[in-house]
Amino acid sequence: MSFGLPWGLLALGALVPLVAAYFLRRRQKPVVVSALFLWRTPRPRAEGGPRWERFTREASLLLEVLAVLAAALYLADVRLGETARRRHLVLVVDGSLSMSARTPDGRTVLEHVRTEAAKRVETERATHVTVLASGVSPQVIAGPEAEASRALGALESFEARGPDHDVTASLLWAQELAGPGTRVHFFTDAPPSTDATVPPSVRWTALGRSQGNVALVSAQRRDEGGRATVTLRVARFGAGPSEIEARVRAAPGPGAREGTERTERIPLPEEGAATVHLTFREAGDVEVFLPDDALPDDGHVRLPPSPVMPVAVGLTEGLSPASKQALERFLAVSPDVAHGTPVPGAPVLSVGPARAEARVTLGAEGPLRTFVGPFFMEKGSSLMDDVQLAGVRWTAGANPPGRPLMTAGEAVLVSEEEGGRLHLNVDLARSNLQRTTAWPVLLGNVVREARRLREGFPRHQLNLGESLAVVTEAGARYALKGPSGRKPVFGAGALSLPAPTHPGRYVLEREGRDVDSLEVLALDARESDLRGRGSTDVPAKEAGEDSEETGGHERARWPLVVLLAALLADFYVTRKA
C-alpha cells in the first residue's frame with residue numbers, strides 16, 4: 001500500500017470529536033411525571049452533569065469510523081496491489097561529448113543532469129525508471145523499468161562522450177517504451193533548434209551554459225622510415241586567448257632510448273583553425289595537451305604509431321618491353337611500394353599482360369586504334385582521381401571485360417571487374433601515356449586502392465562520428481573489440497561499419513588473434529562549439545499521466561464505495577434505534 005497524497009490522512013483527525021461525542025453525556029433537565037410506567041426504560045438514577053460513560057450504540061460508531069477512514073483513504077490517494085508497486089518513468093540523457101563541459105560552478109553538465117534526474121524521480125514518485133542515452137545508436141543505461149535506485153546508480157556511472165547526433169530517433173524510442181499518453185523527460189545542454197522534431201509528449205530540459213572553448217578539431221599521424229609526422233588543427237570557438245601553448249610529449253620508440261617533450265606556441269585565428277605540423281624520430285605514442293578550459297576532453301589526444309604499409313608489387317611474365325620499362329620506372333621512385341623485396345603482411349599487387357591471371361592487366365589485344373580524345377571517365381571512381389588526359393595519345397585494342405571506368409567513343413580504355421580486377425587497355429609502345437603526368441597518377445591510384453584492400457584498418461586515427469572502414473578476408477571470423485565491448489564483424493572485403501559511439505582504442509581480431517588497431521579520438525568540432533548551449537525547460541505539449549497537475553494517477557474509487565455503504569448502513573442502524 002502507498003499514498004499519492006499523504007496529507008489526506010489528516011482527515012483521520014475527525015475521529016477524535018466523533019468518538020468524544022459518543023462517550024460524552026450531558027445532564028438532562030428534571031422532568032416531573034405522575035408515574036414511571038409510561039417510560040419504556042426508566043432510569044431512576046439522577047445524573048449529576050456531564051460525565052463519561054459506556055455507550056450502547058457501538059454499531060453506529062463503528063460504521064461512522066469506517067466512513068471517516070474511507071474518506072481519508074480517498075483524499076490520501078491510496079494505492080494497492082500493482083498500482084502501489086509500479087510507477088514507471090522514462091528519462092533520456094543526451095550522450096554527446098558536450099555534456100562533459102564544465103559550468104562556471106565547476107560541475108559538468110552531466111552532473112547537473114544527475115541531480116535534476118533524481119529530483120524528477122522523487123517529484124513523480126516513480127518506483128521504476130528507464131534511462132536511455134541518445135546517440136548515433138541509442139543505448140539503454142538502466143532498464144527497461146529498473147528500480148529507481150538502481151537506475152539512478154547506473155546514471156551515476158554513465159559518461160557522455162559520443163559524437164553530435166540527431167536525438168529524434170532516441171526520443172521516439174523512449175516514447176514507445178513509456179507507452180501512449182505518458183510523458184518522457186529529456187535532459188540535454190541546449191534548447192531545441194527551430195527545425196528540431198520534438199514529440200509532443202517530451203519535456204525538454206536543457207542545463208548547459210554558453211561558453212568559449214579552444215579545441216583540437218583534428219589530429220593525424222603518419223610514420224615513414226622512422227619519422228613520425230603529426231598534423232594538428234586547433235580552433236577557437238567564441239571568446240578566448242589569441243594564442244595558446246600546447247604541450248607535446250613523445251614516448252620513446254623501439255629505436256630510441258628516451259622520449260621528447262616540448263611546448264608549441266599556437267596562434268589562433270578568429271575564424272577557422274590553425275594547422276600545426278610536428279615531426280619526431282623513432283617515437284612511440286605521441287600525446288598532445290591543450291590548456292584546460294570548459295571542455296577538457298577535446299584538448300587531449302594520444303596518437304599511437306601509424307606506419308604506412310607498403311604495397312608489394314610483382315610483375316608477371318609476358319609483359320611487353322615498353323610496359324615493363326614504364327612500370328619499373330614508376331616502382332623505382334614510388335615510396336609506397338616494395339618491388340623485389342618481400343614485405344611480411346604487405347598486400348601483393350600483381351601486374352601482367354592482357355588475359356593474364358593478375359590483379360592488374362596492362363596491354364592491348366586485337367585491332368589497335370589510337371585516340372587523342374575526348375576521354376570520358378566514370379564519376380565517383382577513385383581510380384580516376386586527378387588523372388588528366390590532356391595531350392595523351394592512347395592506343396587501345398579490343399574492349400576488356402568488366403565495368404567501364406574510362407572510354408573513348410565505343411572503346412573501353414579502363415575497366416574493373418566485380419572482384420576488383422583492373423584492366424588497362426593500352427599499348428604503351430604506340431602511346432605516350434607513360435611520358436605524361438597521367439601515368440604516375442593513375443598507377444598511384446591503383447597502389448592506393450590495393451593498400452585499402454589490405455586486411456585491417458585503412459586509417460588508424462578517426463574522429464568521433466566518422467564511419468569505421470575495415471577490410472576482411474573471406475572465410476575467416478572477425479570481431480571488433482573496443483571500449484563498448486566485443487562485437488562480431490560480418491562480411492568480407494572492404495566494409496564500412498557504423499561510427500564508433502565511444503572514443504578509445506579499437507582492435508580487429510581474426511580467429512581470436514589481433515590483426516590491426518586504431519584510435520578513435522574524442523574530437524568533434526560541432527561538440528566543441530559551446531556557444532549555442534543554454535538552459536531552458538520546455539514542457540511537453542501533451543501532458544502525460546505523470547504530469548504534476550493530475551497527480552500522475554487516477555484515484556481509486558473503492559474508498560468512495562466504502563464511504564457510501566457505511567453511511568447507508570449507519571442510517572439504517574440509527575433509524576431502528
Side-chain angles (χ1 to χ4, degrees), residues 1-4 6 79 82-103 105-163 165 167 169-171 173-179 182-189 201-208 295-297 482-487 500-504 522 527 535 537 544-548 552-553:
M1 177 185 295
S2 64
F3 301 98
R79 305 174 188 182
E82 187 69 17
T83 304
R85 292 193 300 270
R86 287 189 175 273
R87 181 171 173 79
H88 187 206
L89 186 67
V90 178
L91 307 178
V92 182
V93 179
D94 191 348
S96 302
L97 179 66
S98 60
M99 295 290 287
S100 300
R102 297 192 176 276
T103 55
D105 59 0
R107 302 173 63 196
T108 65
V109 178
L110 186 58
E111 290 174 342
H112 287 285
V113 167
R114 295 188 183 116
T115 303
E116 183 62 26
K119 292 180 180 178
R120 201 70 57 87
V121 170
E122 181 179 0
T123 301
E124 304 291 350
R125 298 176 297 279
T127 59
H128 291 75
V129 179
T130 299
V131 184
L132 304 180
S134 68
V136 178
S137 299
Q139 61 174 325
V140 178
I141 300 177
E145 299 191 31
E147 295 182 3
S149 58
R150 292 181 179 271
L152 294 177
L155 183 58
E156 287 291 331
S157 58
F158 170 71
E159 294 184 357
R161 304 189 68 190
H165 59 275
V167 301
S170 303
L171 297 181
W173 184 27
Q175 194 174 36
E176 293 180 2
L177 293 176
T182 304
R183 189 170 56 187
V184 173
H185 301 261
F186 177 54
F187 299 97
T188 182
D189 61 345
S201 62
V202 173
R203 178 180 176 182
W204 187 296
T205 303
L207 302 173
L295 186 58
D297 287 354
S484 56
R486 187 175 182 273
K487 298 179 181 179
T501 57
H502 295 83
E527 289 298 301
S535 299
D537 193 357
E545 294 180 357
D546 56 346
S547 61
E548 299 176 5
H553 171 73

Atom CZ of residue position Arg107 - does it have more than 12 heavy atoms of other residues, nucleotides or ligands inside 6.0 Å?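 Enclosed: over 12 neighbouring heavy atoms sit under 6.0 Å from CZ of Arg107.
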
Backbone of His128 reached by a side-chain donor or acceptor of Glu145 within 3.5 Å: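 Flag not set: sc Glu145 to bb His128 has no pair under 3.5 Å.
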
For Glu527, does its backbone N or O pair with a side-chain atom of Ser98 as donor and acceptor, under 3.5 Å?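 Answer holds: no.
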
Would you name the heavy atoms of [X] and [Y] that are closest together and state the gap between them?
X: Pro483; Y: His502; answer: CB-CB, 4.2 Å
X: Ser535; Y: Gly208; answer: OG-O, 2.9 Å
X: Val131; Y: Ala151; answer: CG2-CB, 4.1 Å

Would you check if [X] and [Y] make a side-chain contact, meaning some heavy-atom pair closer than 4.5 Å?
X: Arg183; Y: Leu89; result: no
X: Leu207; Y: Asp189; result: no
X: Phe187; Y: Leu155; result: no
X: Glu159; Y: Met99; result: no
X: Ser100; Y: Val109; result: no

Kindly write out the residues that satisfy side chain to side chain contact (heavy atoms under 4.5 Å, CB included) with [X], not counting sequence neighbours, or none if the list is empty.
X: Thr108; answer: Arg102, Leu110, Glu111
X: Ala174; answer: Val90, Val92, Leu132, Val184
X: Pro144; answer: Thr130
X: Glu176; answer: Trp173

Evaluate side-chain hydrogen bond (donor to acceptor under 3.5 Å, both in side chains) for Thr205 paired with His185, printing each intermediate quantity in order. CA-CA 7 Å; Thr205 303; His185 301 261; 5.9 Å; no

Regarding Arg161 and Ser96, do their side chains bring together a donor and an acceptor under 3.5 Å, going by distance alone?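 Checked: Arg161/Ser96 side chains show no N/O donor-acceptor pair below 3.5 Å.
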
Using a distance-only test with no angle check, is there a side-chain donor-acceptor pair under 3.5 angstrom linking Thr182 and His88?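 Distance-only check fails for Thr182 and His88.
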
Working to the nearest 0.5 Å, report the span between CZ of Arg114 and OG of Ser157.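 Reported value, rounded in 0.5 Å steps: 8.0 Å.
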
Test salt bridge (Lys or Arg N to Asp or Glu O under 4.0 Å) applied to Glu116 - qualifying residues, sequence neighbours left out: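 Partners of Glu116 under the salt bridge (Lys or Arg N to Asp or Glu O under 4.0 Å) test: Arg120.
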
For residues 134-142, please give each side-chain donor-acceptor pair under 3.5 Å, one per line with the distance, not counting sequence neighbours.
from: Ser134; atom 1: OG; to: Asp94; atom 2: OD1; distance (Å): 3.4
from: Ser134; atom 1: OG; to: Gly95; atom 2: N; distance (Å): 3.4
from: Ser134; atom 1: OG; to: His165; atom 2: NE2; distance (Å): 2.9

